[in-house]
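What follows is a set of notes on a single structure, which appears directly below.
Reckoned from all heavy atoms, side chains included, excluding hydrogens, waters and symmetry mates. First the proteins, then the strands, lettered A, B, ... as listed; each starts at 1.
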There are 2 protein chains.
Amino acid sequence: MKQLTTRQQEILDFLTGYIEKNSYPPTVRETAKAFSISIKGAYDHIKALEKKGFIKLQENRSRALEVVSRRESDSSVAEIPLLGAIAAGAPILAEESWAGTVKIPADYARSGACFALRVQGDSMRDAGIRSGDLAIIEQRPTAENGEIVAALIEDSATLKRFFRENNRIRLQAENPDYAPIFTQDVRILGKLKAIIRRY
Amino acid sequence: MKQLTTRQQEILDFLTGYIEKNSYPPTVRETAKAFSISIKGAYDHIKALEKKGFIKLQENRSRALEVVSRRESDSSVAEIPLLGAIAAGAPILAEESWAGTVKIPADYARSGACFALRVQGDSMRDAGIRSGDLAIIEQRPTAENGEIVAALIEDSATLKRFFRENNRIRLQAENPDYAPIFTQDVRILGKLKAIIRRY
DNA sequence: GATTATACTACACATAAGGATAGTATTTCG
DNA sequence: CGAAATACTATCCTTATGTGTAGTATAATC
């Protein structure tokens, strides 16, 4: 990305500051007024910032301005979908199965490749996973032996420990009250990356 | 704050969704178009949302709309200290005892009043807390019966369930292998707010 | 049963705001 | 040096946009 002039940096700072404060961007005229310059003067600066890739504009729309740089620094938070009931056959991340989104520190999960599940039941109790916990899952079609995975069992995502055996797959709960599930074909949604529990 | 009608909730969802996507709010006309209703129809809804305090408007300004509710979900990441060994007598958050910092979603803990501990040992196993887990603690000098607290025992912070009895305090592990600790005087560091475990 | 709130349509108006033209002065840079 | 970029002013045009009036229909409330 190209270098900004000091003036352009000032303009950009104003834009981001304004957005921060008002939650919507300023108009060209407001920007002009803030710097006591002409409208075209401000307009040129904004266009220059667009050309250099620091902001995005939409033609003929008021305040249709988005700061693209600066935004990346905000990537410390990832917003990932929280899945509810999963429609059979539908893509995992189909909007229908979204129960909302959760924000987690970005280094916990590459967003886009991750989603969250609310744990139901105590089948993983002995792995220290309790009902109500938030499970962060990284999307994967398969898993390694012994990993905890989210698998699609009867239209809902369930956490189980994954084992590939001779001709079958064993999905093992971590609770003696639950028998292992043996199956030839199971849909692995992803592997467990983190557990978050709130008190 | 007043109750929204389903239609108003739809409108509000659209507004927040639009802002999320474009980083600036929609115009009245765009809102109208999105719902295939007249401009005044959309305008009335927006005015109703303002009246009920869910959004703020500025007169005669395009897109000058701010969603005030929902804003709490706009949390970012808080960086809180991760405590290691705690020097006896020293203030809990003395820099000497820092073993680093960890990033957690800001709404999990007001930073400044919180810190993190790396769980050691399995004394809280039956509460689903495992060795290696990250415990988020909100600083507090005392606690309510039954709460899980971080207490200073022999120069290290330990998680235990807290009970105030007649003349003593009982710190109870959640693992039958560990006997409860009875004490007259214990330093409560804070109460457990969240558990984060990474795989 | 009257009144207020909701959920709209259709039309109209003033102005807010983007964008263009024309021009000036200074600075950067190959 | 000359071209291109920067940093502006002043004026104008067009469109985008908030807001108002008038009216309809239905549901909630008192």
Degree of bending in the helix from dG1(C)-dC30(D) to dG30(C)-dC1(D) once both end axes are built from five pairs, to 10°: 40°
Look at the side chain of [X] and decide which nucleotide, out of [options], has an atom nearest to it.
| X | options | value |
| --- | --- | --- |
| Tyr43(B) | dA20(C), dT19(D), dT9(D) | dT19(D) |
| Lys52(B) | dT17(D), dT19(D), dT6(C) | dT6(C) |
| Val28(A) | dC8(D), dA7(C), dG18(C) | dG18(C) |

Between the main-chain N or O of Ser62(A) and the side-chain N or O of Arg63(B), is there a donor-acceptor pair closer than 3.5 Å? yes
Indicate whether any N or O donor in one side chain lies under 3.5 Å from an N or O acceptor in the other, for Tyr24(A) and Gln58(B). yes
So, is the end of the Arg170(B) side chain (NZ or CZ) under 6.0 Å from the ring centre of Phe182(B) and within 45° of the ring's axis? no
Between Arg161(A) and Glu174(A), does any NZ, NE, NH1 or NH2 come within less than 4.0 Å of an OD or OE carboxylate oxygen? yes
Decide, yes or no, whether a salt bridge links Arg61(B) with Glu30(A) under the criterion of side-chain N to carboxylate O below 4.0 Å. yes
Base, sugar-phosphate, or nothing for [X], non-hydrogen atoms under 4.0 angstrom?
| X | result |
| --- | --- |
| Ser38(A) | base |
| Ile39(B) | base |
| Ser36(A) | sugar-phosphate |
| Arg29(B) | base |

Run the numbers on Gln9(A) and Asp13(A) for side-chain contact (heavy atoms from CB on, under 4.5 Å), then give the verdict. CA-CA 6 Å; Gln9(A) 186 63 57; Asp13(A) 287 346; 3.0 Å; yes
Do Arg61(B) and dG18(D) have a side chain to base donor-acceptor pair shorter than 3.5 Å? no
Atom pair distance, as rounded to whole Å: OH in Tyr24(A) and P in dA16(C): 14 Å
Tell me whether Ile19(B) is reachable from Leu57(B) by hopping between hydrophobic residues (I, L, V, M, F, W, Y) whose side-chain heavy atoms are closer than 4.5 Å. yes
Would one find a side-chain N or O of [X] under 4.0 angstrom from OP1 or OP2 of [N]?
| X | N | result |
| --- | --- | --- |
| Arg7(B) | dT6(C) | no |
| Gln58(B) | dG18(D) | no |
| His45(B) | dT6(C) | no |
| Gln8(B) | dA5(C) | no |

Short N/O separations, protein against nucleotides 22-29 of chain C, under 3.5 angstrom:
none

Under the side-chain contact (heavy atoms from CB on, under 4.5 Å) criterion, do Thr31(A) and Tyr18(A) qualify, and how do the steps go? CA-CA 9 Å; Thr31(A) 310; Tyr18(A) 188 105; over 6 Å; no
For Arg168(A), check salt bridge (charged side-chain N to carboxylate O under 4.0 Å, His left out) against everything at least two apart and list the hits. Glu165(A)
